[in-house]
*Asks:* 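Dumping the structure here so I can ask a few things about it.
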Amino acid sequence: MITSVGLIGDPVEHSISPVFQNAAFRHYGLPDQYTLWHTSAADLPARVASLRADGMRGANVTLPHKTAVVPLLDELDEVAEAVGAANTIVRMVDGKLRGLNTDVPGFMNALQAMGFDPNGATCVLLGAGGAARAVAYGLVKSGIRSLTIVNRTLENAEAVLADVLSVTDLDPHLLALTADAPEVADVVAGADLLVNSTSVGLDHQALPLAPELITSRMLVVDLIYRTTPLLQSATQHGARIQDGLEMLVQQGALAFEAWTGLSAPLPVMRAAAQQAIEERR
Ligand code: NAP
C-alpha cells in the first residue's frame, strides 16, 4: 500500500473519510492508502508542500484549514476561488497543486439524490459558518427563488449573503434573520427546503429551531452525519429528511474522481460510510 492521499485538519481523528475512500481504492484494486494527517496551523505549509512529491495524488482539507490552505496552492477551480475555501487538493502531473471545492457540488448532488429540484425553490438555511457558505453558494447558483439565512449572530448571516450575492448574476430574494426574529415562523412555513448547517444537534438533544414550524411539504437536510433531533421532529411532521452523510460521501466521491480520473463507486462508498457511522454509535 502507498500513502497517496489523506485528510489535513485539526482534529481529524473522528473522520470516516479513510473508510469510504479506501473502500473506493480497493474497489478498483488500487494500492493507495488514505491517511489521517493531523496538522496544526504552524505545520500546514510543510504538509501542503509534501503533496508535491512523486506518487502523491493530493488531499482533503477540513477544519480549520479550508481557507488558510488557499494561498499555499498554485491554482483554484472556479468554486474554490469564489467561496475562498478549498476542501480538496489535486497534485497535477507537473507537481503543481490545484485546490477544488467539492463541498458545494457535493451538497447539490446530495439534494439531487433526494430528487429535489432547487429551481424556483424557497430555501431556509440555519447557520452561517463554513458549511453554510458552501450551501448558500450552491443554492444561489442554481436558480432558487429565495434564501433566508437564520443565525444566532446576524452579522455572520449578512456576511455570507453579501459574499454569495457578489458571485452570482441570478437575483434570488435574500434575507438574514436571527433565530428569535418574529419573521422566522412565516419564512420557515413557506419553505420548500430547510437546511441545518449549525452544530446544534450534535449533542443528540438540542434543536436549532422550534420543531412545530416544520411542515410536510419540506425537505429537511441536516449536515450533521446522523439522525438528529431536528430530523426526528421533521419525520414526525411528515417531512422528507436527509442527514449529512450523503453530502460527505458526495464531496468525497468528487475528490476521488479528481485524484484518480476514475468514476467514483458511489454505492460502495455510501455503504462503507454508513457501516462506519453505525459502528460508532
Ligand atoms: P462553523 O463554521 O463553526 O459554524 C457553526 C455555525 O453554527 C454558526 O452559524 C454558529 O453560529 C452556529 N452555532 C454554533 N453553536 C450554536 C449554538 N449553541 N446555538 C446556535 N447556533 C450555533 O462550523 P461548520 O464548519 O459550518 O460546520 C457546521 C456543521 O456542519 C457541523 O455539525 C459539521 O459537522 C457539519 N458539516 C457537515 C458537512 C458534510 O459534508 N455533511 C460538511 C461540513 C460541515 P454563530 O455564527 O452565531 O457563531
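Every number for a ligand or one of its atoms is a count from 1 in the order of the listing.
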*Asks:* Within a distance of under 4.0 Å, is there any protein heavy atom near atom 33 (C) of ligand 1?
*Replies:* no
*Asks:* Can you sort out which atoms of ligand 1 are near G130, meaning under 4.0 Å from one of its heavy atoms?
*Replies:*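 Within the 4.0 Å cut-off of G130, ligand 1 contributes 2 (O), 26 (O).
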*Asks:* Taking only heavy atoms of N156 into account, list the atoms of ligand 1 that are under 4.0 Å away from them.
*Replies:*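 Listed by number with element, the hits are 45 (P), 46 (O).
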*Asks:* Among all the protein's heavy atoms, is there at least one whose distance to atom 26 (O) of ligand 1 comes out below 4.0 Å?
*Replies:* yes
*Asks:* Go through ligand 1 atom by atom and flag the ones less than 4.0 Å from a non-hydrogen atom of G127.
*Replies:* 9 (O)
*Asks:* Minimum distance, heavy atoms only, to atom 8 (C) of ligand 1: which one of V249, N151, V195 is it?
*Replies:*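 Among V249, N151, V195, the closest heavy atom to atom 8 (C) of ligand 1 comes from N151.
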*Asks:* Are a donor atom and an acceptor atom from the side chains of Y137 and D163 found within less than 3.5 Å of each other?
*Replies:*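 Distance-only check fails for Y137 and D163.
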*Asks:* Tell me which part of T153 gets within contact of ligand 1: side chain, backbone, both or neither, using heavy atoms under 4.0 Å.
*Replies:*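 Both the backbone and the side chain of T153 come within reach of ligand 1.
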*Asks:* Is the number of heavy atoms from other residues, nucleotides or ligands within 6.0 Å of CD (Q275) greater than 12?
*Replies:*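 Counting neighbours around CD of Q275, 12 or fewer heavy atoms of other residues, nucleotides or ligands fall under 6.0 Å, so no.
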*Asks:* Could you state whether L72 and W37 fall into the same hydrophobic cluster, counting links through intermediate Ile, Leu, Val, Met, Phe, Trp or Tyr residues with side-chain heavy atoms under 4.5 angstrom apart?
*Replies:*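 As far as the 4.5 Å side-chain criterion goes, W37 and L72 are connected within one cluster.
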*Asks:* Test your reading of the structure: does L223 have an N or O sitting under 3.5 Å from an N or O of ligand 1?
*Replies:*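 Yes, there is a polar N/O contact under 3.5 Å.
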*Asks:* Check whether any N or O atom of K66, backbone or side chain, sits under 3.5 Å from an N or O atom of ligand 1, and answer yes or no.
*Replies:* no
*Asks:* Tell me whether the rings of F25 and W259 are parallel (<30°), tilted (30 to 60°) or perpendicular (>60°).
*Replies:* parallel
*Asks:* Testing V195, V221, V220 for side-chain contact (heavy atoms from CB on, under 4.5 Å) with Q242, which one passes?
*Replies:* V221
*Asks:* Flag yes if more than 12 heavy atoms outside R145 fall under 6.0 Å of its CZ atom; otherwise flag no.
*Replies:* no
*Asks:* Should the pair R91-D54 be classified as a salt bridge under the 4.0 Å nitrogen-to-oxygen rule?
*Replies:* yes
*Asks:* Quick one: which of T228, D222, D243 gives a side-chain hydrogen bond (donor to acceptor under 3.5 Å, both in side chains) with N196?
*Replies:* D222
*Asks:* Could you give me the CA-CA distance, side-chain angles and deciding distance for V249 and L266, then say whether side-chain contact (heavy atoms from CB on, under 4.5 Å) is met?
*Replies:* CA-CA 8 Å; V249 171; L266 260 174; 3.8 Å; yes
*Asks:* Could you identify the single nearest non-hydrogen protein atom to atom 42 (C) of ligand 1 and state the distance to 0.1 Å?
*Replies:* M247 CE, 4.1 Å
*Asks:* Return the residue, atom name and 0.1 Å-rounded distance of the protein heavy atom closest to atom 4 (O) of ligand 1.
*Replies:*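 So the nearest neighbour among protein heavy atoms is G129 CA, 3.4 Å.
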*Asks:* What do you reckon, does A128 have a nitrogen or oxygen under 3.5 Å from a nitrogen or oxygen of ligand 1?
*Replies:*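 Yes; at least one N/O pair falls below 3.5 Å.
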*Asks:* Any idea which part of Y225 is under 4.0 Å from ligand 1, heavy-atom wise: side chain, backbone, both or neither?
*Replies:*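 It is the side chain that touches ligand 1; the backbone stays farther off.
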*Asks:* Identify, by atom number and element, the atoms of ligand 1 in contact range of I224, meaning under 4.0 Å from any of its heavy atoms.
*Replies:*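 It comes down to these atoms of ligand 1: 32 (O).
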*Asks:* Group every Ile, Leu, Val, Met, Phe, Trp and Tyr by side-chain heavy-atom contacts under 4.5 Å, then state whether V140 and L125 land in the same group.
*Replies:* yes
*Asks:* So which protein heavy atom does atom 14 (C) of ligand 1 come closest to, and at what separation?
*Replies:*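 Residue, atom and distance for the closest contact: S199 OG, 3.4 Å.
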*Asks:* Report the part of A179 in contact with ligand 1, treating N, CA, C, O as backbone and CB onward as side chain, heavy atoms under 4.0 Å; options are side chain, backbone, both, neither.
*Replies:*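 Under 4.0 Å from ligand 1, A179 contributes no heavy atoms.
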*Asks:* Do ligand 1 and A131 have nitrogen or oxygen atoms that lie under 3.5 Å from each other?
*Replies:* yes
*Asks:* So which protein heavy atom does atom 29 (C) of ligand 1 come closest to, and at what separation?
*Replies:*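 For atom 29 (C) of ligand 1, the nearest protein heavy atom is S197 O, 3.6 Å.
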*Asks:* Please list, in number order, the atoms of ligand 1 under 4.0 Å from a heavy atom of G244.
*Replies:*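 Counting from 1, the qualifying ligand atoms are 39 (C), 41 (N).
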*Asks:* Pick one of side chain, backbone, both or neither for how V200 approaches ligand 1, counting any non-hydrogen atom pair under 4.0 Å.
*Replies:*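 The answer is the side chain.
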*Asks:* Within ligand 1, which atoms have a heavy atom of L248 less than 4.0 Å away?
*Replies:* 40 (O)
*Asks:* Closer than 3.5 angstrom, by distance alone: can the side chain of H65 be matched with the main-chain N or O of T39 as a donor-acceptor pair?
*Replies:*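 Present.
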*Asks:* Tell me whether the count of non-hydrogen atoms from other residues, nucleotides or ligands lying under 6.0 Å of CD in E257 goes above 12.
*Replies:* yes
*Asks:* Considering residues, nucleotides and ligands other than Q232, do more than 12 of their heavy atoms fall under 6.0 Å from its CD?
*Replies:*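 Yes.
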*Asks:* Between R98 and D74, does any side-chain N to carboxylate O distance fall below 4.0 Å?
*Replies:*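 A salt bridge is absent here (no side-chain N lies under 4.0 Å from a carboxylate O).
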*Asks:* How far is atom 13 (N) of ligand 1 from the closest protein heavy atom, and which atom is that?
*Replies:*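 Minimum-distance protein heavy atom for atom 13 (N) of ligand 1 reads R152 NH2, 3.9 Å.
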*Asks:* Do me a favour and list the nearest non-hydrogen protein atom to atom 6 (C) of ligand 1 with residue, atom name and distance?
*Replies:* T198 CA, 3.9 Å
